[in-house]
Amino acid sequence: MSEAVDMRGRSLLTLSDMTDGEVTWLLDLALKLKQDKHGGVCGQRLAGRHIALVFEKMSTRTRCAAAVAAADEGGRTEYLAASEIHLGKKESVADTARVLGRMFDGILFRGYHQETVELLAQHGGVPVWNGLTDISHPTQALADLMTIKEYFGRLAGLTVVYAGDGRNNVATSLMLGCAMSGMHFVNCTPESLSPTDELIAHAAGMAAQRGGTVRVAHDPIEAVSGANVVYTDVWTSMGEEDQFDARVQLLKPYQVNMALMQATGNLEAEQAIFLHCLPAFHDALTEVTCATGALEVTDEVFEAPFSLVFDQAENRLHTIKALFVSSLERDKKSDKESVTSNQ
Ligand code: CP
Ligand code: NVA
């Protein structure tokens with residue numbers, strides 16, 4: 001277990017809000033919480049804690065992970081669909097934040113603009129966690145790193161190749177997470193979907209200080225050579241639905257199929273895994289893929305033994321629980337004082 005870290009009261013708006021030491025510590029805490037839960041042990045570290053889940057966009061994993069994480073530790077969540085509250089319509093985000101902060105102990109936000117989650121944190125007076133915005137998905141990156149660490153027993157020195165829409169929320173948060181962990185990260189994407197030069201330079205600088213590298217590539221077969229992790233995400237993110245047809249044409253060469261996994265050269269030695277944040281368009285399983293066939297990943301890869309996508313989905317629970325617990329766990333000493341002063 002890494003050295004103890006105190007993250008009480010802390011928000012997570014992007015992964016840059018954490019140091020690499022804090023990320024390592026939080027991943028170890030998540031691994032411990034997973035082991036405990038599988039052993040039938042849960043605690044009361046969130047007893048009396050109320051967490052607001054403010055969601056502008058749809059979600060299965062993030063919403064359920066938050067609800068179960070809080071309940072496992074004696075806390076509770078309230079799901080607030082943005083369409084059913086006044087957020088940003090009859091009431092400014094700042095005013096809603098001040099109201100929620102008077103009633104809740106923390107706020108998990110999922111939505112469009114990064115500015116909204118920043119305003120919630122600025123005015124809420126309680127920890128705020130980013131459960132996905134257009135540009136960032138930090139809680140997903142934590143679960144991704146946990147899944148990689150669980151399989152390989154380490155992070156530094158491993159090579160992660162992301163193939164697909166290289167400037168989306170998942171790709172850029174993963175890039176940052178890998179850089180902070182001293183990994184080699186390849187963002188394999190068409191020129192038009194590359195992250196900004198500024199973001200690449202920032203991640204590359206961070207990786208270099210930790211013995212890792214970050215680069216952008218455009219040829220998938222070349223990019224995945226030596227990869228330990230091949231990662232993809234949907235080709236059109238929530239809010240970009242009007243670009244669907246153009247993206248399918250643009251990203252077809254970046255589909256993760258068995259030929260691409262073989263090109264890692266690491267499958268036989270079981271030193272390559274496949275990850276996807278989900279939901280995934282693989283073969284004819286959804287309304288969309290019935291018409292188009294597999295998009296970003298084929299069934300053959302998705303269902304293969306080296307595909308750890310459901311471990312990864314489960315790890316959303318343990319990492320979000322680690323975040324809630326580390327931000328909201330009470331100071332034992334002041335608890336004792338408040339019990340005494342209430343008598
Ligand atoms: N990966 C992820 O964030 O899934 P949901 O959209 O279901 O929350
Ligand atoms: N990039 C995807 C991630 C979904 C979890 C989206 O934003 O829709």
Side-chain angles (χ1 to χ4, degrees), residues 12-15 30 51 53-70 77 79-82 108-114 116-117 129-148 162-177 187-190 193-195 199 229 231-244 246-248 250-251 254-256 274-282 285-289 295-297 302 307-321 323-324:
L12 179 71
L13 308 185
T14 80
L15 218 49
I51 297 170
L53 308 181
V54 180
F55 279 47
E56 292 178 336
K57 290 178 177 172
M58 282 187 277
S59 168
T60 301
R61 280 142 288 270
T62 310
R63 175 179 175 176
C64 297
V68 176
T77 52
Y79 181 74
L80 301 167
L108 176 74
F109 173 78
R110 162 168 291 205
Y112 294 90
H113 306 299
Q114 184 71 17
T116 310
V117 77
W129 307 280
N130 177 354
L132 180 148
T133 60
D134 287 345
I135 63 162
S136 176
H137 199 0
T139 63
Q140 178 68 52
L142 291 171
D144 301 339
L145 293 174
M146 175 180 174
T147 310
I148 299 168
Y162 175 95
D165 173 7
R167 32 100 278 174
N168 82 9
N169 41 21
V170 168
T172 51
S173 291
L174 180 69
M175 179 163 83
L176 217 51
N187 192 326
C188 183
T189 189
L193 294 177
S194 296
L199 200 58
V229 180
Y231 195 122
T232 192
D233 181 16
V234 289
W235 290 340
T236 39
S237 289
M238 290 180 274
E240 298 181 323
E241 288 76 10
D242 59 332
Q243 295 174 48
F244 184 84
R247 285 288 171 78
V248 171
L250 184 63
L251 287 167
Y254 295 81
Q255 181 188 68
V256 180
F274 169 72
L275 296 180
H276 190 310
C277 58
L278 306 184
F281 288 133
H282 58 102
L285 293 175
T286 70
E287 271 176 38
V288 171
T289 48
L295 294 181
E296 72 273 8
V297 58
F302 190 85
S307 167
L308 302 187
V309 296
F310 294 107
D311 290 323
Q312 186 185 3
E314 180 191 331
N315 288 341
R316 297 297 311 284
L317 163 64
H318 308 296
T319 41
I320 283 185
K321 191 189 287 182
L323 265 183
F324 287 172

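Both counts, for ligands and for their atoms, begin at 1 and track the order of listing.
Residues Val170 and His137 share a closest heavy-atom pair of CG2-CD2, 3.8 Å.
The closest approach between Arg63 and ligand 1 stays at or above 4.0 Å for every heavy atom of the residue.
The shortest N or O to N or O distance between Pro279 and ligand 1 is not under 3.5 Å.
Atom numbering of ligand 2 starts at 1 in the shown order; those under 4.0 Å from a heavy atom of Leu278 are 5 (C). Counting the atoms of ligand 1 from 1 in the order shown, those under 4.0 Å from a heavy atom of Cys277 are 1 (N). Of all atoms in ligand 1, listed by their number and element, those nearer than 4.0 Å to a heavy atom of Arg316 are 1 (N), 2 (C), 3 (O). Per-residue contacts place Leu278 under 4.0 angstrom from the following atoms of ligand 1 (heavy atoms of the residue considered): 1 (N), 2 (C), 4 (O).
No hydrogens or angles considered: nothing links the side chains of Thr236 and Gln243 as a donor-acceptor pair under 3.5 Å. No donor-acceptor contact under 3.5 angstrom links the side chains of Asp134 and Gln114, judged on distance only.
Protein heavy atom closest to atom 3 (C) of ligand 2, with residue, atom name and distance, is Asp233 OD2, 3.6 Å. Distance from atom 4 (C) of ligand 2 to its nearest protein heavy atom, with residue and atom name: Leu132 CD1, 3.9 Å. For atom 4 (O) of ligand 1, the nearest non-hydrogen atom of the protein is Arg61 NE, 2.8 Å. Met238 N, 2.8 Å is the protein heavy atom nearest to atom 8 (O) of ligand 2. Remark: minimum distance from atom 7 (O) of ligand 2 to any protein heavy atom is reached at Asn169 ND2, 2.9 Å.
Contacts of Leu132 with ligand 1, taken as heavy-atom pairs under 4.0 Å, are absent altogether. Under 4.0 angstrom from ligand 1, the non-hydrogen atoms of Gln140 all belong to its side chain.
With Thr147 as reference, Leu275 is the one residue of Leu275, Thr319, Val309 to meet the side chain to side chain contact (heavy atoms under 4.5 Å, CB included) rule.
In this structure a side-chain-to-backbone donor-acceptor pair under 3.5 Å is missing from Arg61 to Ala313. Side-chain atoms of Ser173 never come within 3.5 Å of backbone atoms of Ser136 as a donor-acceptor pair (strictly under, hydrogens ignored). Not a single donor-acceptor pair under 3.5 Å links the side chain of Glu296 to the backbone N or O of Ala280.
Taking CG of Leu142 as the start and NE2 of His318 as the end, the distance is 14.0 Å to the nearest 0.5 Å. Rounding to the nearest 0.5 Å places CG of Leu176 at 7.0 Å from CG of Leu199.
Counting heavy atoms only, Ser237 comes closest to atom 6 (C) of ligand 2 of the residues Gly164, Ser173, Ser237. Among Lys57, Met238, Arg110, the residue whose heavy atom lies closest to atom 6 (O) of ligand 1 is Arg110.
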What's the verdict on ring pair (Phe, Tyr, Trp, His ring centres under 6.0 Å) for Trp129 and Phe324, showing C-alpha distance, side-chain angles and the deciding distance? CA-CA 9 Å; Trp129 307 280; Phe324 287 172; 4.7 Å; yes
